[in-house]
Amino acid sequence: MTKQILILNGPNLNLLGKRQPEIYGHDTLEDVVANCSVLAEELGLTVTAAQSNHEGDIIDQIHSARDTAAGIIINPAAFTHTSVAILDALNAFDGIVLEVHISNVHKRESFRHQSYVSLRADGVIAGFGVEGYTLALRRMASVLT
Ligand code: CA2
């Protein structure tokens, strides 16, 4: 059985590629997931993907992943900087957690420099655009296979 990776995206990332391309680029979230699915096959992994604008939904997705996924690639978006609840959910997940940010959060407003999720993440990628998701997937493959 191939190992499953959950790609989990937080609020407003459904708008990726549709607004603010100067910060987040032109690729849509559907493009990102499609690219990851193709790469996952090459790497011998399977991916599932979810996006939600609601904190509780993201927590429920992390809980479900406890039984199904070997790793989570998460871009918690604005919840990165606010959500102890998402941190607690990730702390109850035993697999690999990689945190991805499309933009370089450290070059932006100071409130984006703090990440609750980084207290749990096994690795963090920021500022590589949407390529960060495929880089994270490659890292998953090196750690898990
Ligand atoms: O750089 C990232 O990936 C962020 O997680 C994106 C979040 C932001 O709050 C974080 O500080 C950094 C914002 C996601 C909003 O996504 C949009 C995409 C296109 C158009 C509008 C919003």
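One-based numbering, in listed order, for ligands and for the atoms of each.
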Exercise for the section: Examine Tyr24 against ligand 1 and note whether any of their N/O atoms are separated by less than 3.5 Å. Expected result: no

Practice task
Give a yes or no on whether Val105 and Val117 share a hydrophobic cluster (residues Ile, Leu, Val, Met, Phe, Trp, Tyr; joining criterion: side-chain heavy atoms under 4.5 Å apart).
Solution key: no

Handout entry: Structural part of His81 in contact with ligand 1, heavy atom criterion under 4.0 angstrom
Key = side chain

Handout entry: Protein heavy-atom partner closest to atom 21 (C) of ligand 1 - residue, atom, separation in Å
Key = Gln20 OE1, 3.4 Å

Exercise for the section: Would you kindly specify which portion of His101 sits under 4.0 Å from ligand 1, judged on non-hydrogen atoms: side chain, backbone, both or neither? Expected result: both

Exercise for the section: Decide whether an N or O pair under 3.5 Å exists between Arg112 and ligand 1. Expected result: yes

Practice task
Write out the residue and atom name of the closest protein heavy atom to atom 12 (C) of ligand 1, then the distance separating them to 0.1 Å.
Solution key: Val105 CG1, 3.6 Å

Completion exercise
Under 4.0 Å between heavy atoms, the region of Ile23 that gets near ligand 1 turns out to be neither

Problem - Any donor-acceptor N or O pair under 3.5 Å, side chains His101, Glu99 - result: yes

Handout entry: Side chain Arg120, main chain Leu87, donor-acceptor under 3.5 Å
Key = no

Exercise for the section: Side-chain contact test, heavy atoms from C-beta onward, threshold under 4.5 Å: evaluate it for Tyr116 versus Ile86 and give yes or no. Expected result: no

Exercise for the section: Could you check Leu16 against Leu29 for side-chain contact (heavy atoms from CB on, under 4.5 Å), going step by step and ending with a plain yes or no? Expected result: CA-CA 6 Å; Leu16 199 62; Leu29 194 55; 4.2 Å; yes

Handout entry: Which residue and heavy atom of the protein sit nearest atom 20 (C) of ligand 1, plus the separation
Key = Arg19 O, 3.2 Å

Completion exercise
What one should report as the nearest heavy-atom pair of Ile73 and Met140 is CG1-CE, 3.9 Å

Exercise for the section: Please check if any side-chain donor atom of Gln51 sits under 3.5 Å from a side-chain acceptor atom of Asn53, or the reverse. Expected result: yes

Practice task
Write out the residue and atom name of the closest protein heavy atom to atom 15 (C) of ligand 1, then the distance separating them to 0.1 Å.
Solution key: Asn12 CB, 3.7 Å

Handout entry: Heavy atom of the protein closest to atom 1 (O) of ligand 1 (residue, atom name, distance)
Key = Ser103 OG, 2.6 Å

Handout entry: Full working for side-chain contact (heavy atoms from CB on, under 4.5 Å) between Thr134 and Cys36
Key = CA-CA 6 Å; Thr134 49; Cys36 286; 4.2 Å; yes

Practice task
Enumerate the atoms of ligand 1 whose separation from the nearest heavy atom of Ala78 is less than 4.0 angstrom.
Solution key: 9 (O)

Exercise for the section: Could you say whether the N/O atoms of Ile102 and ligand 1 ever approach to under 3.5 Å? Expected result: yes

Handout entry: Min heavy-atom dist Thr80 to ligand 1 below 4.0 Å
Key = no

Practice task
Could you walk me through whether Ile7 and Asn9 pass side-chain contact (heavy atoms from CB on, under 4.5 Å), step by step?
Solution key: CA-CA 7 Å; Ile7 300 174; Asn9 282 284; 3.8 Å; yes

Handout entry: Side chain, backbone, both or neither: the part of Asn75 lying under 4.0 Å from ligand 1 by heavy atom
Key = side chain

